[in-house]
*Asks:* 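The structure that follows is given in the form of structure tokens.
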There are 2 protein chains.
Amino acid sequence: MSKASDVWEQADRFVLDNDEFLVVSHLHPDGDAIGSTLAVGFILKALGKRYVMVNESPVPQKFRFLPGVEDILSPEEVQAREKPFRRAIAVDAADADRMGITWNLLGSDADILNIDHHPTNDRFGTVNVIDSDAAATAEILCLWADRLQVTWDRDLASCLYTGLLTDTGGFRYSNTTPKVMALASRLLRCGVDASGIADRALETMTREQIALVRRALDSLSFSEDGRIGWMWLKREDFQETGADEEELDGIVNYARNVVGVDVGILFRETEEGTVKASFRSREMVDVGKLAQSFGGGGHARAAGCSLSESGEKVERAVLEQVTRALQGGGS
Amino acid sequence: MSKASDVWEQADRFVLDNDEFLVVSHLHPDGDAIGSTLAVGFILKALGKRYVMVNESPVPQKFRFLPGVEDILSPEEVQAREKPFRRAIAVDAADADRMGITWNLLGSDADILNIDHHPTNDRFGTVNVIDSDAAATAEILCLWADRLQVTWDRDLASCLYTGLLTDTGGFRYSNTTPKVMALASRLLRCGVDASGIADRALETMTREQIALVRRALDSLSFSEDGRIGWMWLKREDFQETGADEEELDGIVNYARNVVGVDVGILFRETEEGTVKASFRSREMVDVGKLAQSFGGGGHARAAGCSLSESGEKVERAVLEQVTRALQGGGS
Ligand SMILES: [Mn+2]
Ligand SMILES: [Mn+2]
């Protein structure tokens with residue numbers, strides 16, 4: 001059989017042959033990180049294993065409805081309670097650094113099972129189950145639960161669904177494959193509350209976020225031909241609204257979503273005094289390349305860069321470059 | 001067999017035994033109305049039938065990407081070209097009035113096949129295929145295409161997907177069933193561009209809409225306990241932004257989506273000088289009942305009413321009632 005099935009075999013053995021596990025994911029966790037952490041927990045529970053779930057960052061408010069979420073501990077809580085772990089299962093973390101200080105909870109001889117879908121995953125595990133075709137780590141875990149003959153009960157299914165839902169942007173990104181939808185259908189059959197989860201995980205906003213959206217919209221400008229839309233968030237916008245950078249999620253899309261706009265940009269002043277530009281492109285421009293020309297990076301449709309010039313200069317330089325890219329009809 | 005299968009039999013015969021059809025839907029069409037109109041067109045085309053698609057209202061910009069959309073004519077265009085139609089297929093229209101003046105294109109002896117999912121459908125057709133369990137008329141048409149052995153090609157599938165997507169609020173409403181997701185999976189297998197359609201149908205906003213969101217957010221207020229959030233749009237907000245009522249779509253959700261809010265309200269002044277209140281509820285309050293107490297109506301989670309008092313009076317009365325409902329812990 002193929003090498004892939006050997007890896008799966010090793011993953012199965014990793015859990016079946018051991019008794020106690022630390023389950024970790026990346027810091028500043030998203031829905032897939034939290035959903036996958038909890039899903040692995042439920043899988044281990046079903047297999048009668050002992051486990052501790054940990055994350056360096058607190059679980060964001062919008063994922064606190066998930067079953068078992070109160071059992072995700074901080075590194076301090078784990079340190080106070082346990083000796084170093086010898087087996088860890090890392091989910092949705094592209095490299096060991098992304099796990100933050102939870103790394104220190106592992107013994108020097110610890111084995112790691114690394115389950116992830118990021119194409120950039122550096123295979124830091126002892127066993128590495130990396131499927132970059134998967135829309136989410138949760139998608140890989142659906143398959144794994146089946147392999148391990150763990151029944152998808154409502155709790156497990158809700159966590160897996162949350163991962164699929166959030167990593168596909170609510171089934172809106174291009175990773176929304178027929179397979180994702182077929183898994184979603186099967187998860188819903190397990191009693192998952194599709195609307196309740198979408199509501200909490202995707203629609204809920206903090207007051208600070210709303211205030212930030214207001215300010216961003218207040219600054220929305222368009223090029224003469226309407227093909228570029230851009231917004232500004234200054235230091236005082238963060239200070240006065242009390243919002244932090246993690247609450248920026250999706251704001252740049254407002255610029256790009258306007259009828260006629262090909263490229264949407266959010267400029268924001270960082271605490272370090274630089275200007276960060278986030279780009280979203282509809283179809284015409286490869287903003288990944290564009291961001292690269294400013295020393296940044298990203299994908300064709302979503303990218304960003306950081307510049308240490310004055311806001312005025314950055315805006316002028318970026319808009320010129322985007323205009324050129326639009327005239328070129330390509331990147 | 002059941003009566004339901006008889007009705008399907010009649011629907012099949014309706015198209016197989018006739019040659020020319022007018023395909024109609026409701027005015028101010030949504031994604032399901034347009035998607036279903038086009039889907040029926042593709043089904044008839046596959047069966048070698050002649051047909052004309054019509055809608056009283058222009059197709060909204062965000063659905064103009066759909067295949068075949070340029071063939072949806074206005075009643076005037078149809079009237080100039082054709083004699084009265086003897087067979088019509090009405091999709092997603094709960095009653096004949098919802099078809100607007102397209103009704104006049106039918107001969108007095110016309111037979112109508114009425115395909116719809118609204119529980120309020122008044123069965124105005126000669127044959128009525130009404131399935132109120134379906135999330136969208138497009139869901140019923142998936143089944144019908146199968147019955148008629150019409151292959152789901154990419155064009156047909158894209159129209160059906162658009163209906164499913166929009167009527168489930170992007171797979172976020174409680175009508176997002178396992179069946180919907182299984183159909184979505186099958187439609188995607190036919191080559192549907194999930195992200196392209198989501199982008200156009202769900203994310204695109206007009207500049208006027210953006211401007212209206214800004215003004216609504218500027219007015220966002222909260223009750224002391226944060227459980228009620230409300231916004232105001234006055235006549236001048238519509239006049240100064242150039243937005244019309246059809247562009248209000250979803251704005252009330254901003255109030256409801258804020259962390260801690262149980263009931264979100266959008267008050268707006270209408271051209272007639274009344275105040276309309278739209279309600280969105282998370283879980284605690286049945287806003288359908290609440291709206292009813294003001295002579296309005298709707299569902300437990302989304303409802304509205306219209307009041308002819310001054311804005312100040314309306315706001316006070318509504319907020320009092322919502323507060324009472326929240327204290328009651330129920331409706
Ligand atoms: Mn992920
Ligand atoms: Mn519908």
*Asks:* Please look at A:Thr168 and chain B and tell me whether the side chain, the backbone, both or neither of the residue comes under 4.5 angstrom of a heavy atom of that chain.
*Replies:* neither
*Asks:* Is A:Tyr254 close to chain B through its backbone or its side chain, or both, or neither, when contacts mean heavy atoms under 4.5 Å?
*Replies:* both
*Asks:* When you measure from the centre of the six-membered ring of A:Phe222, is the NZ or CZ of B:Arg207 closer than 6.0 Å and no more than 45° off the axis?
*Replies:* yes
*Asks:* Is A:Arg227 salt-bridged to A:Asp262, going by a charged N under 4.0 Å from an acidic O?
*Replies:*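 Yes.
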*Asks:* Let's test your reading of the structure: which of A:Thr177, A:Leu202, A:Leu220 forms the most heavy-atom pairs below 4.5 Å with chain B?
*Replies:* A:Leu202
*Asks:* Please determine, among A:Arg256, A:Met205, A:Arg282, the option with the most heavy-atom pairs under 4.5 Å with chain B.
*Replies:* A:Met205
*Asks:* Against chain B, work out which of A:Gly169, A:Ser185, A:Gly196 has the most heavy-atom pairs shorter than 4.5 Å and name it.
*Replies:*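 Among the listed options, the one with the most contacts to chain B is A:Ser185.
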*Asks:* Using a strict 4.0 Å threshold on nitrogen-to-oxygen distance, state whether B:Asp199 and A:Arg280 make a salt bridge.
*Replies:* no
*Asks:* Using a 6.0 Å distance limit plus a 45 degree cone around the ring axis, check whether B:Arg268 lies over the aromatic ring of B:Trp232.
*Replies:*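 Geometry flag: not set, cation outside 6.0 Å or 45°.
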*Asks:* Tell me whether B:Glu283 is salt-bridged to A:Arg200, with the criterion being a basic N under 4.0 Å from an acidic carboxylate O.
*Replies:*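 Yes, this pair counts.
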*Asks:* When you check the side-chain N and O atoms of B:Thr206 and B:Glu247, is any donor under 3.5 Å from an acceptor?
*Replies:* yes
*Asks:* Can you tell me which of B:Asn257, B:Asp193, B:Leu188 forms the most heavy-atom pairs within a distance under 4.5 Å of chain A?
*Replies:*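 Winner by heavy-atom pair count: B:Asn257.
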*Asks:* Identify which of A:Leu217, A:Val213, A:Asn253 forms the greatest number of heavy-atom pairs closer than 4.5 Å to chain B.
*Replies:* A:Leu217
*Asks:* Considering only heavy atoms and a distance below 4.5 Å, find which of A:Asp218, A:Leu187, A:Val261 pairs most often with chain B.
*Replies:*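 Going by pairs under 4.5 Å, I would pick A:Asp218.
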*Asks:* Among A:Thr204, A:Thr176, A:Asn175, which residue forms the greatest number of heavy-atom pairs with chain B at distances under 4.5 Å?
*Replies:*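 Maximum pair count with chain B is reached by A:Thr204.
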*Asks:* So that I can tick it off, tell me whether A:Glu240 and A:Arg215 are bridged by a salt bridge, with the cut-off set at under 4.0 angstrom between side-chain N and carboxylate O.
*Replies:* yes
